[in-house]
There are 2 protein chains.
Amino acid sequence: MRIGDLAKATGVDIETIRYYEKAGLLPEPGREANGYRAYQQAHLERLAFIRHCRALDMPLESIRRLLDFVAHPEAECGDINRLIDEQLARVQARLNSLRALESQLAALRAQCGENHSARECGILHELVAAAHGEACACHFDAKSGSHYLLMGKQKNRP
Amino acid sequence: MRIGDLAKATGVDIETIRYYEKAGLLPEPGREANGYRAYQQAHLERLAFIRHCRALDMPLESIRRLLDFVAHPEAECGDINRLIDEQLARVQARLNSLRALESQLAALRAQCGENHSARECGILHELVAAAHGEACACHFDAKSGSHYLLMGKQKNRP
DNA sequence: CTTGACCCCGGAGCGGCTCCAGGGTTTCCA
DNA sequence: TGGAAACCCTGGAGCCGCTCCGGGGTCAAG
Ligand SMILES: [Zn+2]
Ligand SMILES: [Zn+2]
Ligand SMILES: [Zn+2]
Ligand SMILES: [Zn+2]
């Protein structure tokens, strides 16, 4: 199987396949006389494994570790669970921040109805006022009744 | 105000401030005799504006466009709305895929209870079997009763 | 003999930082 | 007065997971 066949069989871009090889996820295949990569069935399965994990948004490093487990099936699987749990935690953390983001953006969006000049745009007003330290619609916490603290220590990811 | 003062006042890392300057988001400040950056109140407000937008996860390019509106308040604000709407759409799309991801990971996690060898680990079994083309717990769509098509054309982001 | 479909490689680019090396300046304290 | 600590400067590399590019080789069909 040449790289193009593997790409077609798995739906993975050729460049991505070569990238996985460079990254040490896909073992180096044999070569034809002309230097073309020659893949076996095992490569196809391994690539499918990788893509399945990527579809779960696992980082390549985690996939590397999972592949180690496939290669060493006598090891204890505790680390596998931890790995999935960590991934789940990442996803849930991101879900929480995106849910907050969604309502913040919706609140901001509600500040402007129809078309007018930017000078009178409720959205822009909000953003400028918030930069002055005033309360903003987007970062108002209904539960606590107070304005989120945007200044001060803050991570760069929302 | 020196860069460290600005950093302290806004909670933004010094390197990030310099990065925003390089990226054309923060105007170049004056300099002291020794070459140190000297910021004014206007810089602080502009940086706060940028961070507020970043807290809404807007890409720097969108923030640049918003800052253009601040500089040209006579323009029509339709593009501002569109910009927010696009951001909202991005967030909602990501939310949807993360929600799917969460249940997929949870289903996968449920395949392994207590500790055992990797060989007998339900999680690893699932992943390997799925790579063989068999159905997997994670990518089983309850609504359609069928297995997700993981092979074939697929975007690289989940 | 050319066209087109493949394949190879190394390197750059994306976003939004973050960190580093290698320097200069200022400030405080003994 | 000396020396350490705390600032500041610059340019460039590194992160992730690809994606694209340039410049070239290979091979069959028309
Ligand atoms: Zn408006
Ligand atoms: Zn806000
Ligand atoms: Zn297990
Ligand atoms: Zn699955």
Side-chain angles (χ1 to χ4, degrees), chain A residues 1-26 28-39 43 47 50-65 67 86-87 90-91 94 97 101 153-158, chain B residues 1-26 28-39 43 47 50-65 67 86-87 90-91 94 97 101 153-158:
Chain A
M1 221 184 338
R2 292 189 177 171
I3 199 169
D5 303 324
L6 184 59
K8 227 165 277 166
T10 56
V12 179
D13 193 287
I14 288 182
E15 307 265 22
T16 303
I17 297 175
R18 283 198 283 246
Y19 173 75
Y20 288 156
E21 182 182 325
K22 241 189 284 181
L25 281 166
L26 210 47
E28 292 193 24
R31 298 283 179 149
E32 298 177 18
N34 53 20
Y36 291 9
R37 286 169 180 81
Y39 293 97
H43 289 101
L47 181 53
I50 295 169
R51 292 309 283 187
H52 190 217
C53 294
R54 285 294 298 135
L56 295 167
D57 212 14
M58 295 188 203
L60 298 191
E61 174 55 31
S62 299
I63 302 176
R64 240 184 298 266
R65 290 204 273 141
L67 286 168
E86 282 165 19
Q87 176 65 10
R90 268 195 297 273
V91 167
R94 191 88 182 108
S97 75
L101 223 46
K153 271 174 216 165
Q154 61 181 223
K155 281 265 157 206
N156 280 326
R157 285 269 115 205
Chain B
M1 221 185 336
R2 310 236 261 226
I3 198 167
D5 303 325
L6 183 58
K8 226 164 280 167
T10 57
V12 179
D13 193 286
I14 289 182
E15 307 264 23
T16 303
I17 296 175
R18 284 198 283 247
Y19 172 75
Y20 288 156
E21 181 182 327
K22 242 189 279 181
L25 280 166
L26 209 49
E28 292 192 25
R31 299 281 179 150
E32 297 177 17
N34 54 18
Y36 290 11
R37 287 171 179 78
Y39 292 98
H43 290 101
L47 182 54
I50 295 168
R51 292 308 282 187
H52 189 217
C53 293
R54 285 295 298 137
L56 295 167
D57 211 13
M58 294 188 203
L60 298 190
E61 174 55 32
S62 298
I63 302 176
R64 240 186 297 268
R65 291 204 272 141
L67 286 168
E86 281 164 19
Q87 177 63 11
R90 268 195 297 273
V91 167
R94 191 89 181 107
S97 75
L101 222 46
K153 271 174 217 165
Q154 62 180 222
K155 280 269 159 205
N156 280 327
R157 285 271 115 205

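We use all heavy atoms of the structure for the numbers below, so side chains are in, but hydrogens, waters and symmetry mates are not.
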B/Glu32 atom CD, neighbour heavy-atom count above 12 within 6.0 Å: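 Atom CD in B/Glu32 is crowded, with more than 12 foreign heavy atoms closer than 6.0 Å.
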Atom pair distance, as rounded to whole Å: [atom1] in [X] and [atom2] in [N]:
{"X": "A/Lys22", "N": "C/dG10", "atom1": "NZ", "atom2": "P", "answer": "7 Å"}
{"X": "B/Tyr19", "N": "C/dC19", "atom1": "OH", "atom2": "P", "answer": "15 Å"}
{"X": "B/Asp57", "N": "C/dC17", "atom1": "CG", "atom2": "C1'", "answer": "13 Å"}
{"X": "A/Asp13", "N": "D/dC20", "atom1": "CG", "atom2": "C1'", "answer": "10 Å"}
{"X": "B/Ile17", "N": "D/dC9", "atom1": "CD1", "atom2": "C1'", "answer": "14 Å"}
{"X": "A/Asp5", "N": "C/dC7", "atom1": "CG", "atom2": "C1'", "answer": "12 Å"}
{"X": "A/Arg94", "N": "D/dC16", "atom1": "CZ", "atom2": "P", "answer": "17 Å"}
{"X": "A/Glu28", "N": "C/dC9", "atom1": "CD", "atom2": "C1'", "answer": "13 Å"}

Side-chain N or O of [X] closer than 4.0 Å to phosphate OP1/OP2 of [N]:
{"X": "B/Arg31", "N": "D/dT10", "value": "yes"}
{"X": "A/Asn34", "N": "D/dC27", "value": "yes"}
{"X": "B/Arg54", "N": "C/dC17", "value": "yes"}
{"X": "B/Thr16", "N": "C/dT18", "value": "yes"}
{"X": "A/Arg51", "N": "D/dG17", "value": "no"}
{"X": "A/Arg18", "N": "C/dC9", "value": "no"}
{"X": "A/Arg37", "N": "C/dC7", "value": "no"}
{"X": "B/Arg2", "N": "C/dT25", "value": "no"}

Any donor-acceptor N/O pair under 3.5 Å between D/dG25 base and A/Tyr36 side chain: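 Answer is yes: a donor-acceptor pair is held.
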D/dC18 base / A/Glu15 side chain donor-acceptor hit below 3.5 Å: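 Side chain to base: no pair below 3.5 Å.
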Most 5' of A/Gly4 and B/Leu60 on DNA chain C, judged by nearest nucleotide: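 Closest to the 5' end, via its nearest nucleotide, is A/Gly4.
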Test item: A/Gln87 side-chain N/O and A/Asp57 main-chain N/O as donor-acceptor pair under 3.5 Å: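 Here the side-chain-to-backbone pair exists.
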Result of checking A/Arg54, A/Arg51, A/Glu21 against A/Thr16 for side-chain contact (heavy atoms from CB on, under 4.5 Å):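 With A/Thr16 as partner, side-chain contact (heavy atoms from CB on, under 4.5 Å) holds for just one option, A/Arg51.
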Lys/Arg-Asp/Glu bridge criterion (N-O < 4.0 Å) met for A/Glu61, A/Arg64: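 A/Arg64 and A/Glu61: salt-bridged.
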Options C/dC17, D/dC18, C/dC7, nucleotide nearest the side-chain atoms of B/Tyr20: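 Between C/dC17, D/dC18, C/dC7, the one nearest the side chain of B/Tyr20 would be C/dC17.
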4.5 Å side-chain heavy-atom contact, B/Arg37 and B/Arg2: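 B/Arg37 does not reach B/Arg2 side chain to side chain.
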